[in-house]
Number of protein chains: 2
Amino acid sequence: MSQTATILVIDDEPQIRKFLRISLASQGYKVIEAGSGSEGLAQAALGKPDLLVLDLGLPDMDGQQVLREFREWSTVPVLVLSVRASEGQKVEALDGGANDYVTKPFGIQEFLARVRALLRQAPAGDAQEAALNFGPLTVDLAYRRVLLDGAEVALTRKEYAVLAQLARHPGRVITQQQLLKDIWGPTHTEDSHYLRIVVGHLRQKLADDPTQPRFIVTEAGVGYRLLNA
Amino acid sequence: MSQTATILVIDDEPQIRKFLRISLASQGYKVIEAGSGSEGLAQAALGKPDLLVLDLGLPDMDGQQVLREFREWSTVPVLVLSVRASEGQKVEALDGGANDYVTKPFGIQEFLARVRALLRQAPAGDAQEAALNFGPLTVDLAYRRVLLDGAEVALTRKEYAVLAQLARHPGRVITQQQLLKDIWGPTHTEDSHYLRIVVGHLRQKLADDPTQPRFIVTEAGVGYRLLNA
DNA sequence: GTTGGTTTTTAATGGATTTTGATGAGACAC
DNA sequence: GTGTCTCATCAAAATCCATTAAAAACCAAC
């Protein structure tokens, strides 16, 4: 389905942050944190989270204000936490763009279930998982498809795995060990021969010449790199 | 911007239904009602609501069961109501596909705010077609029916489950593990053979040739995908 | 209980992919 | 120049995968 979701927690109380961090991390989420509203907004722009957990009681600025500014540019789901349980508060937050409102103290199981519910409707990586383009070559990770000049290229499992791995880090060199470990497993990190053959097939199918590469560049003794157009 | 949303209320207590009907209608929503689970599911298929408000305490069938059957074919947001506030109940409902969970008694302002929040993320008139088309093939999730050239195709449970799963993500590769986990359960993720046989039967009934597929494409060693016409 | 239909096993086949082995070309150091 | 290292390519063998058929076990409805 999706890779691990990133969750940004904005809360000024360190012990609550720690509690949430541990709980969320134990479920496999990647957690980033902020202790104030301004820091939180900065992190939100930087870390591209898939979900925002926001405590309304912040020292530097009003939580509602943080929510409002966040919603200026993001549609990522927001779960608001608060000790204040007044109905007016809840209505204000929900109408201000929050997707859920949980009052402290809360059960961690319910909290995690609400996190799952919010992430379900907006799957992780939805933002970044657009198709990647490398000139005439398109690698669509969501659909597991590869197009060359608009025509679909039929790739085998290993071929696709190598290309996808390279495509995930455009322009970066991926070491042979990395590729071998991720695709063949940690027991085959020495078999760089496999890699050469698969890359050979890939280049053939993509009409790529190793001496004059359009797509896959070999970095001798190190690994391979996918050129970003 | 948005036209009036339609909200389906499933609750067996007439006075609560009346209360919700009046409150929701005063906000301009169109309200349809059902007093039992089976009636609710029928109304859900018929009335194409934009939001479902579901009370878990129903006389004829378990609320969780209603939720589960509804989620078989619809992604419309669901707000669950319940007097029982046990955390386990909430987790079960949220993981069963509910988007929010409100315990009675509740403040009507907060309830309406949560309704607004749910409708915001899935705007009214988004009235998603429950029937999906793939050229001559139609998969109607709401009625659990499959039509080929307008004629109904009789499918077994597993066959339908596999086809429906593929149809929910048109063009996308669904991995064998995914299909096996969702349909046979997490203990059978290794039995990819089952899958091949069911897909074989499906192709036979849909007059689909694996070497020249109209509908189901096999991605060797990975999974299957349903071609979107 | 019997019956009809469904799901699960079992088995056989052909095809495709992956692995293995062998060979040659280029780069670089000595 | 020679030897060594890495890379690329070709061809075969071995393995894995998909498809099909058919029998056995299972279930639900009657």
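Within every chain, numbering begins at 1; the chains are lettered A, B, ... in the order of the sequence lines, protein sequences first and strands thereafter.
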Under 4.0 Å protein heavy-atom contact, by nucleotide of nucleotides 20-30 of chain D - B base, S sugar-phosphate only: BB---------
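Atom-to-atom, CD of A/Glu159 to C1' of C/dA16 comes out at 11 Å; the value is rounded to the nearest Å. At whole-Å resolution of the value, CG in A/Asp191 and C1' in C/dT19 are 9 Å apart. Computed from coordinates, the B/His188 NE2 to C/dT7 C1' distance equals 11 Å when rounded to whole Å. Whole-Å rounding puts the B/Glu190 CD to C/dT8 P distance at 16 Å. Atom-to-atom, OH of A/Tyr194 to C1' of D/dC7 comes out at 17 Å; the value is rounded to the nearest Å. Rounded to whole angstrom, the span from the NZ atom of B/Lys158 across to the P atom of C/dG5 amounts to 19 Å. For the pair A/Leu155 CG and C/dT18 P, the computed distance is 10 Å after rounding to whole Å. For the pair B/Ile216 CD1 and D/dA18 P, the computed distance is 14 Å after rounding to whole Å.
Shown here are the side-chain hydrogen bond (donor to acceptor under 3.5 Å, both in side chains) partners of A/Asn133, two or more places apart in sequence or in another chain: A/Thr138. Considering only residues two or more places apart in sequence or on other chains, A/Phe106 meets the ring pair (Phe, Tyr, Trp, His ring centres under 6.0 Å) condition with A/Phe111. Contacts of B/Phe19 classified as ring pair (Phe, Tyr, Trp, His ring centres under 6.0 Å), with partners at least two apart in sequence or in another chain: none.
Within the nucleic acid shown, A/Tyr224 comes within 4.0 Å of sugar-phosphate atoms alone, with no base atom in reach, counting heavy atoms only.
Of the residues in residues 169-184 of chain A, those with a non-hydrogen atom less than 4.0 angstrom from any atom of DNA chain C are A/Trp184.
Phosphate proximity of C/dT7 to B/Thr156: present, with a side-chain N or O under 4.0 Å from OP1 or OP2.
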Residues 31-44 of chain B, side-chain donor-acceptor partners within the protein, below 3.5 Å, at least two apart:
unit_1	atom_1	unit_2	atom_2	d
B/Glu33	OE1	B/Arg17	NE	2.8
B/Glu33	OE2	B/Arg21	NE	2.3
B/Ser36	OG	B/Glu39	N	3.3
B/Ser38	OG	B/Asp60	OD2	3.1
B/Glu39	OE1	B/Gly35	N	3.1

Which pairs would a plain distance check flag for residues 73-81 of chain A, meaning a side-chain donor or acceptor within less than 3.5 Å of a matching protein atom at least two apart in sequence or in another chain?
unit_1	atom_1	unit_2	atom_2	d
A/Ser74	OG	A/Val76	N	3.1

Show me, pair by pair, the donor-acceptor contacts under 3.5 angstrom made by side chains of residues 222-229 of chain A, not counting sequence neighbours?
unit_1	atom_1	unit_2	atom_2	d
A/Arg225	NE	A/Glu219	OE2	2.9
A/Arg225	NH2	A/Glu219	OE2	3.0

List the atom pairs, donor and acceptor, that lie under 3.5 Å between side-chain atoms in residues 200-210 of chain A and the rest of the protein, sequence neighbours left out.
unit_1	atom_1	unit_2	atom_2	d
A/Arg203	NH1	A/Ile216	O	2.9
A/Lys205	NZ	A/Ala154	O	3.1
A/Lys205	NZ	A/Glu159	OE1	2.8
A/Asp208	OD1	A/Arg214	N	2.6
A/Asp208	OD1	A/Phe215	N	3.4
A/Asp208	OD2	A/Phe215	N	3.3
A/Asp208	OD2	A/Ile216	N	2.9
A/Asp209	OD1	A/Thr211	N	3.1
A/Asp209	OD1	A/Thr211	OG1	3.1
A/Asp209	OD2	A/Thr211	OG1	3.0

Output side-chain donor-acceptor pairs under 3.5 Å for residues 172-184 of chain A, partner residues at least two apart or in another chain, one line each.
unit_1	atom_1	unit_2	atom_2	d
A/Thr175	OG1	A/Gln178	N	3.1
A/Asp182	OD2	A/Gln165	NE2	2.6

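Contact annotation: the side chain of B/Leu20 never approaches that of B/Ile22 to less than 4.5 Å [non-hydrogen atoms, C-beta and beyond]. Between B/Thr6 and B/Lys48 there is no side-chain heavy-atom pair separated by less than 4.5 Å.
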Please tabulate, one pair per line, each protein N/O and nucleotide N/O from nucleotides 27-30 of chain C that are separated by under 3.5 Å, including the distance.
none

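Nearest to the side-chain atoms of A/Thr218 among the listed nucleotides C/dT7, D/dA8, D/dA18 stands D/dA8.
Each of B/Lys205 and B/Ala220 lies near DNA chain C, and the nucleotide nearest B/Lys205 is the one positioned closer to the 5' end.
A donor-acceptor pair under 3.5 Å links the side-chain atoms of B/Glu87 to the main chain of A/Gln109, judged by distance alone.
Counting only residues at least two apart or on different chains, the salt bridge (Lys or Arg N to Asp or Glu O under 4.0 Å) pairs with a member in residues 90-102 of chain B are A/Glu110-B/Lys90, A/Arg114-B/Asp100, A/Arg116-B/Asp95, B/Asp100-B/Arg114.
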